[in-house]
2 protein chains.
Amino acid sequence: MDAVDESAPRFDAFAASCPSRRLLDTIGDKWASLAVVALGLGGRMRYSELSARIEGVSQKMLTQTLRKLERDGLLTRTVTPSVPVRVDYELTPLGLTLLEPICHLKEWAEAHMAEVDRARDEYDREKLQT
Amino acid sequence: MDAVDESAPRFDAFAASCPSRRLLDTIGDKWASLAVVALGLGGRMRYSELSARIEGVSQKMLTQTLRKLERDGLLTRTVTPSVPVRVDYELTPLGLTLLEPICHLKEWAEAHMAEVDRARDEYDREKLQT
DNA sequence: CGGGATCCCTACGGATACTG
DNA sequence: CAGTATCCGTAGGGATCCCG
């Protein structure tokens, strides 16, 4: 390794202290990123809307995920004490900024996932021939 | 399920069948993304180099992760049958394309992680006052 | 409606020991 | 050196019941 410019925020994801590690704890969570994207596309959404939109998520996981994202300041939780309670979730400005990099990943997935699938098939076929 | 237009690659991360879900299985894995980044910065690397670079990873997880990435066609594994075996890992062209969107996330983390931390502190303080 | 609390099971992942 | 195999604890996460 050659000299590292300290003014450039180098990617020390390898050190356990790097923010990158904790970023993975946030968006690396399957449901968390889906929730962010859902709110990014849908704007303000109710709990039941999110639940319906994100197929396969249990209410335990959804609640847990939303709490986590609220704690991280990525979304707001608004309770309207009507007759049946109404709760709305919405991305904060900070949450909206996360939407962009996530969409880059989305585009990568859409563009290259077919290649990944082909690679998998090939790999699996080779291994089965053993 | 209603009719699905197969030509339009819309972002159905919410449908369990969408590539986005499987993308999360790949880069959502803590060690996988770190390995990709390590190889992105370091080029061709040996197993021991990766092990040293990615702090805190067990050899079980590292091996498992590398196999997964190899299977997905993101990196190549080259065995040199010398006296002690030498194994090198290197990103494929496909793996290199993944590096870009991951770096966008990295930049987001470095730019906003402080805000996240502040939000957390505030959230925790409010909750403890209950 | 939007959760909180509980039970329970599994698979993720670390530590250790062995091999080509 | 670069793994594979095994054991084993723990936490992730589903199902269920209940509450404001």
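All values below were derived from every heavy atom in this structure, side-chain atoms included, with hydrogens, water molecules and symmetry-related copies excluded. Lettering of chains follows the sequences in order, A, B, ..., and the numbering in each one begins at 1.
Distances shorter than 4.0 Å separate none of the side-chain N or O atoms of Thr63(B) from OP1 or OP2 on dA2(D). For Arg46(B), no side-chain nitrogen or oxygen approaches OP1 or OP2 of dC1(D) to under 4.0 Å. OP1 or OP2 of dG3(C) sits under 4.0 Å from a side-chain N or O of Arg77(A).
Looking at Asp117(A) and Arg22(B), a side-chain N of the basic residue comes within less than 4.0 Å of a carboxylate O on the acidic one, giving a salt bridge.
For Leu94(B), the side chain to side chain contact (heavy atoms under 4.5 Å, CB included) criterion is met by Trp108(A), His112(A), Glu115(A), Val116(A), Leu74(B), Thr92(B), Thr97(B), not counting sequence neighbours.
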*Nucleic acid footprint by protein, nucleotides 5-20 of chain C - heavy-atom cut-off 4.0 Å, B for base, S for sugar-phosphate alone*: --------BBBBB--B
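Remark: side-chain polar atoms of Lys68(A) are paired, donor with acceptor, to backbone N or O of Asp25(A) under 3.5 angstrom. Judged by distance alone, the side chain of Thr65(A) and the main-chain N or O of Met61(A) form a donor-acceptor pair under 3.5 Å. Proximity of a side-chain donor or acceptor of Thr63(A) to a complementary backbone N or O of Gln59(A) within less than 3.5 Å is detected.
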For residues 77-87 of chain A, which side-chain donor-acceptor pairs fall under 3.5 Å, sequence neighbours excluded?
{"residue": "Arg77(A)", "atom": "NE", "partner": "Tyr89(A)", "partner atom": "OH", "Å": "3.3"}
{"residue": "Ser82(A)", "atom": "OG", "partner": "Thr80(A)", "partner atom": "O", "Å": "3.3"}
{"residue": "Ser82(A)", "atom": "OG", "partner": "Pro84(A)", "partner atom": "O", "Å": "2.8"}
{"residue": "Arg86(A)", "atom": "NE", "partner": "Asp88(A)", "partner atom": "OD2", "Å": "2.8"}
{"residue": "Arg86(A)", "atom": "NH2", "partner": "Asp88(A)", "partner atom": "OD1", "Å": "3.4"}

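Separating the CG atom of Leu66(A) from the P atom of dG13(D) is a distance of 14 Å, rounded to the nearest angstrom. Rounded to an integer number of Å, the gap from CG of Leu62(A) to P of dC1(C) is 15 Å. Here dG2(C) presents its C1' atom at 20 Å from CZ of Arg53(A), a figure rounded to the nearest Å.
Listed candidates were dG4(C), dA2(D), dG3(D). Nearest to the side chain of Tyr89(B) is dG3(D).
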